[in-house]
Amino acid sequence: MKPILIVLCVILAVIAVFIAVYYILKARALREKKRLSAAPAAGDAAEEGANAKKSAADVFRKYDRSFVLALSYTLLALVCITTVFPFIWMLLTSIKTIEEATNTLHVVFFPAEPQWKNYVDVFEKLQLLTGLKNTMIVEIATIPIGTFVSALVAFAFSKMRLRHKTFWLLFIMSGLMVPYASVLLPQYKIYMMAGLTNTLWPLILPSFFGNVSMAFFFIQFMNGIPNEMFEAARIDGCGYFKSFLLIMIPNMWLAVACQVVFGFVGHWNDFFAPSIYLSSNSPSSTLQVRLYTFAQNADKPLLYAGAFITCIPLFIVYLCFQKCFVGSLAITGIKG
Amino acid sequence: MKELTNEAGIEVPAPRADGARGTAGELPPERPEGGRKKRRSKLEIRESRIAFGFISVKLIGFIVFTLIPVAACIIYSFSNMDPQRFPNTLFTYLGNEKFWAGFKQYADLFTHPLYSQIFLRSILNTVLLMFSVPLGMAGGLLLAAVLSQKDLKLKSTFRLLIYLPVVASAVAMGYIWQYLFATEYGLLNQLFGINVNWFSNVHLTRLAIIIKNTWGSLGRTMILYIAGCLSVSDTYYDAAEIDGASRWTKFWKITFPLVTPTTFYLLVMGIIGNLQSYNDSVIFAPGSQGSQTVVWFIWNYGIYQRNYGLAAAASVLLSIVIMALTVLQFKRSNKWVYSV
């Protein structure tokens with residue numbers, strides 16, 4: 001099949017989908033209109049007549065909207081296809097043979113015989129398990145401590161009296177302005193002098209001291225929790241740290257959970273810092289660095305098998321915690 | 001509200017000097033009973049000390065991992081720093097005349113026959129690649145407007161699928177797009193029956209990166225615009241409905257002006273994020289001149305070629321630009337931004 005024909009087919013398919021959706025919606029609107037205009041015919045009061053007129057107008061508007069709606073559905077479906085397609089293509093490529101994946105004559109959409117053994121091979125060639133282990137070490141070492149410290153900082157700012165609070169907040173927050181590139185060279189030199197390059201320490205150490213943007217998220221969340229709870233606890237003789245642990249943490253576990261999820265995804269996808277501190281063949285390179293190194297001279301199907309495997313945990317986390325990704329906006333809110 | 005964000009796209013508020021809404025800049029209300037001032041302040045001092053203890057961990061981290069490195073970076077930028085020539089700590093060289101270079105590194109960035117061309121090109125690339133920011137925003141706004149229609153079904157499914165690329169790792173995404181754009185067996189070339197080498201031409205490489213990054217940012221801008229659209233009160237639309245405004249008018253006269261805070265936020269944050277882009281230079285289009293950004297320059301000359309002075313000068317310039325933009329985001333101009 002000629003390439004241009006494929007494109008034409010795609011365009012025709014889009015138009016067909018649009019027309020089909022349009023007629024379905026239109027038919028439904030028409031049915032609704034018929035039902036509504038039939039019902040009040042039995043009624044005799046003038047009031048009902050007015051109602052009927054009103055609902056008929058409503059229905060007409062609905063009828064009118066089927067075009068817009070059909071257009072919307074088609075557009076959204078198209079966008080969804082483009083956003084999902086690279087992932088599907090990744091999966092399809094990963095089960096092809098090398099010849100199929102790099103066929104220069106025509107596109108091979110579906111492999112003649114799915115090469116599921118690519119997924120077995122990639123574990124060994126990519127040393128996936130080593131990468132996974134290193135990534136998990138970073139995750140487990142950084143997330144609990146980092147989240148705890150951030151929450152504690154947020155608690156001090158949100159619920160305690162602190163002298164020069166605004167100054168300290170601005171002081172800490174100015175860290176958000178500093179691009180990573182400018183702290184990179186001195187940090188790299190220090191880690192080199194300490195002999196810590198090619199270990200996981202450069203990735204773990206900074207996270208022990210909390211994360212500024214995470215702390216701000218918590219501050220915003222804590223401001224929504226009434227102060228009275230903590231005042232009451234204080235009157236009952238509860239210390240600050242204890243009230244943080246026993247009152248604040250149980251009240252904000254949702255925010256904490258979301259931040260843990262974000263932290264997980266962030267560390268999982270982190271590439272810049274690991275690629276600098278860990279040389280490509282180091283036994284402590286993380287998953288993304290492994291993938292990057294592997295890609296330099298790997299066969300396409302194996303590379304995409306590896307890439308797809310590294311994406312699977314993200315998909316699972318995203319599906320399980322999708323409320324976090326969308327809902328966190330509702331917590332902080334972005335308003336005028 | 002003024003916000004900052006981290007990579008995951010979490011919105012965080014900036015403190016407000018006036019403390020109008022219960023933000024962190026605001027002190028808890030003073031206790032009403034007056035008179036016994038001394039006793040209260042004693043309690044307050046104790047509380048303040050404990051609170052300071054709580055934030056001190058973060059303060060230490062900030063000083064060690066941000067403040068000192070920034071100071072060192074500024075010193076590097078005025079020096080001939082090379083970790084092999086000057087392997088010890090910075091302090092031992094402060095009196096060394098050979099260590100200092102004055103403004104040489106800054107001058108080199110713009111005039112050195114070897115570096116200046118590459119540096120200027122990396123600036124040009126970084127600026128041109130930012131085209132993906134407005135494109136992604138326009139796409140996100142369109143999707144948000146389409147998705148906020150009330151009688152649309154399957155909304156959450158669409159939202160879920162469109163947001164998917166934001167979650168995926170940059171490395172995996174870079175490679176799959178590289179494959180789609182590949183010259184001989186790339187799907188894009190084959191589908192349209194063309195034989196374009198996307199990575200040999202500077203302009204085509206930039207175009208490919210812009211397409212890829214626009215695609216990657218759609219989900220994020222869409223979600224933020226949906227949140228922005230939700231905060232627009234229905235009463236405006238009802239009033240416009242009564243006046244007989246069309247869908248088009250409602251969008252341009254109500255939705256669009258009222259989501260300007262989101263627009264402004266996304267614009268500034270998009271620019272800041274793109275100023276620091278690096279992944280495309282090494283993953284998507286490695287070695288291609290059209291993909292080399294400023295951070296790539298810093299990495300290449302600093303970490304890779306050990307010319308710390310030059311790289312530090314570049315990163316100081318980059319930091320100044322980013323800081324200026326952040327301050328702008330804080331002091332968000334009220335001229336074209338709607339605020340309550």
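What you see below is based on every heavy atom in this structure, not just the backbone, and it leaves out hydrogens, waters and symmetry mates. To find a chain, count down the sequence lines: A is the first, B the second, and so on, and within it residues start at 1.
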K.L.:
So which of B:G174, B:S48, B:P286, B:S315 has the biggest tally of heavy-atom pairs under 4.5 Å with chain A?
P.N.:
B:S48
K.L.:
Got a second to check how far A:Q322's CD is from B:R159's CZ, nearest 0.5 Å?
P.N.:
8.0 Å
K.L.:
Should the pair A:R163-B:E47 be classified as a salt bridge under the 4.0 Å nitrogen-to-oxygen rule?
P.N.:
no
K.L.:
Could you tell me the separation between the SG atom of B:C73 and the CD atom of A:Q187, rounded to the nearest 0.5 Å?
P.N.:
10.5 Å
K.L.:
With side chain to side chain contact (heavy atoms under 4.5 Å, CB included) as the criterion, how do A:L314 and B:V167 come out once you've worked through the C-alpha distance, each side chain's angles and the decisive distance to 0.1 Å?
P.N.:
CA-CA 7 Å; A:L314 295 171; B:V167 189; 4.2 Å; yes
K.L.:
Can you say whether A:V183 sits under 4.5 Å from chain B via the side chain, the backbone, both, or neither, judging by heavy atoms?
P.N.:
both
K.L.:
Using every non-hydrogen atom in the two residues, find where B:I60 and A:F209 come nearest and quote the distance to one decimal.
P.N.:
CG2-CE2, 4.1 Å
K.L.:
Could you tell me whether a side-chain N or O of B:T326 sits under 3.5 Å from a main-chain N or O of A:M177, the two making a donor and an acceptor?
P.N.:
no
K.L.:
Please classify the contact of A:A101 with chain B as side chain, backbone, both or neither, using a heavy-atom distance under 4.5 Å.
P.N.:
both
K.L.:
Return the CG to OG distance between B:L67 and A:S174, rounded to the nearest 0.5 Å.
P.N.:
7.0 Å
K.L.:
Would A:W168 and B:F52 count as a close aromatic pair, with their ring centres under 6.0 Å?
P.N.:
yes
K.L.:
Check each atom of B:L218 against the heavy atoms of chain A and say whether the ones under 4.5 Å are side chain, backbone, both or neither.
P.N.:
side chain
K.L.:
Tell me, side chain or backbone of A:F308 under 4.5 Å from chain B's heavy atoms, or both, or neither?
P.N.:
neither
K.L.:
Just give me the residue among A:A307, A:G210, A:S182 that pairs up with chain B most often, heavy atom to heavy atom, under 4.5 Å.
P.N.:
A:S182
K.L.:
Need one label for B:Y308: side chain, backbone, both or neither, based on atoms under 4.5 Å from any heavy atom in chain A.
P.N.:
both
K.L.:
Considering only heavy atoms and a distance below 4.5 Å, find which of B:M173, B:Q149, B:R49 pairs most often with chain A.
P.N.:
B:Q149
K.L.:
Keeping the roles fixed (side chain from A:W89, backbone from B:L180), state whether a donor-acceptor pair exists under 3.5 Å.
P.N.:
no
K.L.:
Ignoring hydrogens and angles, tell me if any N or O in the side chain of B:K58 forms a donor-acceptor pair with the backbone of A:V153 under 3.5 Å.
P.N.:
no
K.L.:
Is any side-chain heavy atom of A:Y240 closer than 4.5 Å to a side-chain heavy atom of B:R46?
P.N.:
yes
K.L.:
Report yes if some heavy atom in the side chain of B:S169 is under 4.5 Å from a heavy atom in the side chain of A:F271; otherwise report no.
P.N.:
no
K.L.:
Under 4.5 Å from any heavy atom of chain B, what part of A:L319 do you find: side chain, backbone, both or neither?
P.N.:
side chain
K.L.:
If I measure from the heavy atoms of chain A, does B:F65 come under 4.5 Å with its side chain, its backbone, both, or neither?
P.N.:
both
K.L.:
Just so I understand: if I count every heavy-atom pair under 4.5 Å between each of A:G306, A:C311, A:A295 and chain B, which residue has the most?
P.N.:
A:A295
K.L.:
Of all of B:V146, B:I176, B:V282, B:I55, which one pairs up most often with chain A through heavy atoms under 4.5 Å apart?
P.N.:
B:I176
K.L.:
Pick one of side chain, backbone, both or neither for A:I190, based on which atoms fall under 4.5 Å of a heavy atom in chain B.
P.N.:
neither
K.L.:
Mind ranking A:Y188, A:Y73, A:W268 by heavy-atom pairs under 4.5 Å with chain B and telling me who comes out on top?
P.N.:
A:Y73
K.L.:
Heavy-atom pairs under 4.5 Å with chain A are the metric here; pick the option from B:I303, B:V70, B:I298, B:I322 that has the most.
P.N.:
B:I303
K.L.:
Any side-chain heavy atom of A:V178 within less than 4.5 Å of one from B:M323?
P.N.:
yes
K.L.:
With only heavy atoms counted, which part of B:E184 is less than 4.5 Å from chain A, the side chain, the backbone, both or neither?
P.N.:
both
K.L.:
Quick one: of A:P206, A:G239, A:G224, who has the most non-hydrogen atom pairs under 4.5 Å with chain B?
P.N.:
A:P206
K.L.:
Identify the heavy atoms of B:A51 and A:M160 that sit nearest to each other, and give their distance.
P.N.:
N-CE, 3.5 Å
K.L.:
Less than 4.5 Å apart, side chain to side chain, heavy atoms only: is that true for B:L161 and A:V84?
P.N.:
yes
K.L.:
Which heavy atom of B:F158 sits nearest to which heavy atom of A:A77, and what is that distance?
P.N.:
CE2-N, 4.0 Å
K.L.:
Sort out for me which of A:T82, A:N269, A:L71 touches chain B most, counting heavy-atom pairs under 4.5 Å.
P.N.:
A:N269
K.L.:
With only heavy atoms counted, which part of A:F230 is less than 4.5 Å from chain B, the side chain, the backbone, both or neither?
P.N.:
neither
K.L.:
Please state whether the side chain, the backbone, both or neither of A:M193 comes within less than 4.5 Å of a heavy atom of chain B.
P.N.:
side chain
K.L.:
Keeping A:Y318 on the side-chain end and B:L160 on the backbone end, is there a donor-acceptor pair under 3.5 Å?
P.N.:
yes
K.L.:
Can you name the nearest heavy-atom pair linking B:Y175 to A:L291, along with the distance?
P.N.:
CE1-O, 4.4 Å
K.L.:
By a 4.5 Å heavy-atom criterion (distance strictly below it), what part of A:L287 contacts chain B: side chain, backbone, both, or neither?
P.N.:
neither
K.L.:
Contact part of A:M222 toward chain B, heavy-atom cut-off under 4.5 Å: side chain, backbone, both or neither?
P.N.:
neither
K.L.:
Chain B heavy atoms under 4.5 Å from A:F315: which part of the residue, side chain, backbone, both or neither?
P.N.:
side chain
K.L.:
Heavy atoms only, distances under 4.5 angstrom: which of B:T66, B:L142, B:L154, B:I162 has the most pairs with chain A? Name it, please.
P.N.:
B:I162
K.L.:
Could you tell me the separation between the OG atom of A:S275 and the CH2 atom of B:W299, rounded to the nearest 0.5 Å?
P.N.:
7.5 Å
K.L.:
To the nearest 0.5 Å, what is the distance between CZ on B:F54 and NZ on A:K159?
P.N.:
14.0 Å
K.L.:
Please flag which part of A:Y292 lies under 4.5 Å from any non-hydrogen atom of chain B: side chain, backbone, both or neither.
P.N.:
both
K.L.:
Can you tell me which portion of A:T93 sits under 4.5 Å from chain B's heavy atoms? Options are side chain, backbone, both or neither.
P.N.:
side chain
K.L.:
Considering only heavy atoms, which portion of B:L275 lies under 4.5 Å from any heavy atom of chain A: side chain, backbone, both, or neither?
P.N.:
neither
K.L.:
With a 4.5 angstrom heavy-atom cut-off, which part of A:F171 approaches chain B: side chain, backbone, both or neither?
P.N.:
both
K.L.:
Picking from A:F155, A:F244, A:F208, A:F241, which has the most non-hydrogen pairs under 4.5 angstrom with chain B?
P.N.:
A:F241
K.L.:
Examine whether an atom of B:V295 lies under 4.5 Å from a heavy atom of chain A, and if so say whether it belongs to the side chain, the backbone or both; otherwise answer neither.
P.N.:
side chain
K.L.:
Is it true that atom OH of B:Y304 has more than 12 heavy atoms of other residues, nucleotides or ligands lying nearer than 6.0 Å?
P.N.:
no
K.L.:
With a 4.5 angstrom heavy-atom cut-off, could you sort out which part of B:L230 is near chain A: side chain, backbone, both or neither?
P.N.:
neither
K.L.:
Would A:Y304 and B:Y179 count as a close aromatic pair, with their ring centres under 6.0 Å?
P.N.:
yes
K.L.:
When heavy-atom pairs shorter than 4.5 Å are enumerated against chain A, which of B:G302, B:G219, B:S319 gives the highest number?
P.N.:
B:S319
